[in-house]
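One-based numbering, in listed order, for ligands and for the atoms of each. Note that this is a predicted model, so its numbers are computed, not measured.
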Amino acid sequence: MEDSFLRCRRFYRFEGALGAGREGPNLKAALLGKTPRYAPDRAFDTLHVFLDLAVDFRRRSLSGTCRTTIRAFADGLRRLEFDAVDLRVSGAEVDGEAASSRQSGGKLILSLKKPLSASQEAEVAVRYRVERPRAGLHFVYPGPHSPANPVQVWSQSQPEDARYWFPCHDSPHEKATSEVRVAVPRGFLAVSNGVLSEVSRRGPFSVFHWRMSQPHSLYLISLAAGRFSEITQDWDGIPVTYYCEKGREEDARRGLGMTPKALAYFSRMTGVRYPYEKYAQVAVAEYPGGMEHTTCTTQTDAVLIDKRASLDNDMDLLVAHELAHQWFGDLVTCRDWSHAWLNEGFATYFEILFQGHEKGDDEADYELFHNAQVYFDEDSRRYRRPIVTNTFKHPWTLFDRHTYEKGAWVLHMLRRELGDGLWWKSVGHYLRKYRDRTVETSDLIEAIGEATGRNLKPFFDQWVFKSGYPQFRIQYAWDPKGRRARLWVLQTQEVGEEAPLFKMPVEFRCAGRGWARSFSERISEKEHRFSFRLPGEPSNVEFDPEHWILKKVAFHKPYRMWSHQLLNGERAQSRHEAAVAVARWGSEESVRLLERAIRREGFWGAGREMIRALGSVKSEAAFQALKGLLNLENPKMRRAVVEALSQYRRPQTAALIAPMARRDQSLLVEAEASRALGALRDQRCLGLLVRNLGKRTYRDAVSAGAVAGIAESRHPSALKILRRMSRPPNGFWARAAAIRSLCDYARLSSEVVGWICELAKDPDERVNLVAIGALGQIEDERALPALKAALTSPNSRIRVYAEEAIARIRAGAPDKNRK
Ligand SMILES: [Zn+2]
């Protein structure tokens, strides 16, 4: 799963919808609890699930029969229990004979007249109906709140919501083959797992019959239907299909077109060819992100990218993430959610590997850099936990920055520990050994041991079963007599029962005129003193120059070294780090140096960070330099210049930025310019911002930018505009921006909390999540009743968000650092 609410940085200024970086209350007890959880027992093995269904869009209902083939584990099996919530069961049969059934506590319980003996198989048929499903299955309609919506239905079962649309043993350790036969109104297309074996007519309906011949976990069974167009490509004999609403075909090709390349890359690198008969992606409305349903990933309709947006947007990371899951998550599945990182850490790391392969190491490094930042943020703002833990209240909680981003970093460090050859050998062995099965982390450790002879238990203990990350303080000194660089390395993180003192190999790189030396050392203590004999005094010394380690570093070395690194650092990440250090000097010389580095920077990510660093100087010289950089060609860098300039509240800035807010080739520059204009508080610009509110663009980018700008302008009419923009029929992304901005007004107007509480009940569940996140940011106990009501939502993610918001309010430590 890729959750676009949390994995937010890819989306225009969505950061902070759930609260941005600040030391927060420790939410560990509130969110994770203290009770360990274990996967449930199974009385039978599920062999095959056949859903024979009909969709009624008019009634928002689904009806039909779920036929499950089971095999008993032990003699005397009389009572069959299935997870089933809100299902209206009208009858059940076992091997053709009527069986009595009752429902209780979220279970459907069938009583057999004749008990099953060990290894005996039986077919259980349950006739049922789902009306207005509250979870698991989602109907999309046009309506007053979203007039542009298509008519669609889609399922989303992970982690435990399959039970809302079919009876099953709803736990990832249960794998079975599956079949979905579904009747939809003619003109609609229904997509599910595996191969389409038949399309037939039944009165006014078309019936699509899909068969999945390899076992997969039941949360991966999918149904998506709409008036789709079908685009088929091919990779090495495997059909690669995209489904989207008619008229959006070109947009789908733009957003999803990398799929065949990613199929080739993952197949080649893992040594395990794409394991299924087809790969489809279905783009649907109101979908919260991407979900790796086996052979038929469901994607947010944000993968449909129009031509203008494609200038500075792509969906390659999301596409690669969901595709990587077909190996890591679908073919090999975590046995229970405690080990969810085996799905998500791998998918997140493989999107980065693909990014590096397609666009170069600098892109991959930059992605890893962001991953580290969001993980650090969660570690300081929410809680610190081991990646693998069975102490959690709801499995959704575990789909967090520890599981995804830290998980990806652990695999990155593992790759370095093993070296590329043994890393890929381990990955291939792990996939082959456990294909079609489920795994825990110990299985990965064992597979690595078998493939490489290495015992990596200490590595996993440190990074996966314990918490935290190393923080280093490094001091450099030159000893001219002995011609030695002296380095004093300290681990400064708090070491306790949960977080260790870290042990790892590290590299130091020293470079001078015409020479370079690398030194590998092992760090294991709180304090180390190293000294390296060199040909002469170095121009620069770098610690971990290839950025292999998840860490924070405070490196104390001379300005001349930082400036050297800024202009000559081999990796973009090194240049970007140097820019931050150089900016701290704040001198005119450092400003000139930054400007020079930005102009010659080849990688936009490093360029953007350098521009931000230059912006942080906040001197007249920095302003003049930024002004000059407005002519940069790369739109992502230009956007950073606009952002940096918005800190200079003067009429001249508004004059520079206003033309870009009126119209820029780049959507993101136009959006950022709209926000920046507001931030400048030049009241003459309000008319322009109000006009931009109505611009229809990809993901409401420009209107969301204008919303943020109006909020930051503190104009007397801002509150009224924000309220209007937070409500239908505005697009979701504009609404989200408005809700987030309303947070800032909660102290200025007592009405705001009530408005946001209202939005926590909006028909669009994505809006609920944003509103609940916002309430968690506002110090106001009046939000508690609305949040408590959200705790009863069948949508587990809403419950988890509400729990967090309540915990934040109760902890009484709301965001006081907001602008
Ligand atoms: Zn995922």
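Here the two rings, on Tyr366 and Trp604, have centers that are under 6.0 Å apart.
A cation-pi arrangement is absent between Arg401 and Tyr375, since the terminal nitrogen or guanidinium carbon is not both under 6.0 Å from the aromatic centre and inside a 45° cone about the axis. Geometrically, Lys552 engages Phe376 in a cation-pi contact, judged by NZ or CZ lying under 6.0 Å from the ring centre and within 45° of the ring axis. Judged by a 6.0 Å distance limit and a 45° cone about the ring axis, Arg432 is not positioned over the six-membered ring of Tyr430.
Here His321 contributes NE2 and His325 contributes NE2, and at the Zn ion (ligand 1) these two atoms make an angle of 100°, given to 10°.
For the Zn ion (ligand 1), the N/O/S atoms of Glu292 include none lying under 2.8 Å.
Closest to the Zn ion (ligand 1) among the N, O or S atoms of Glu344 is OE1.
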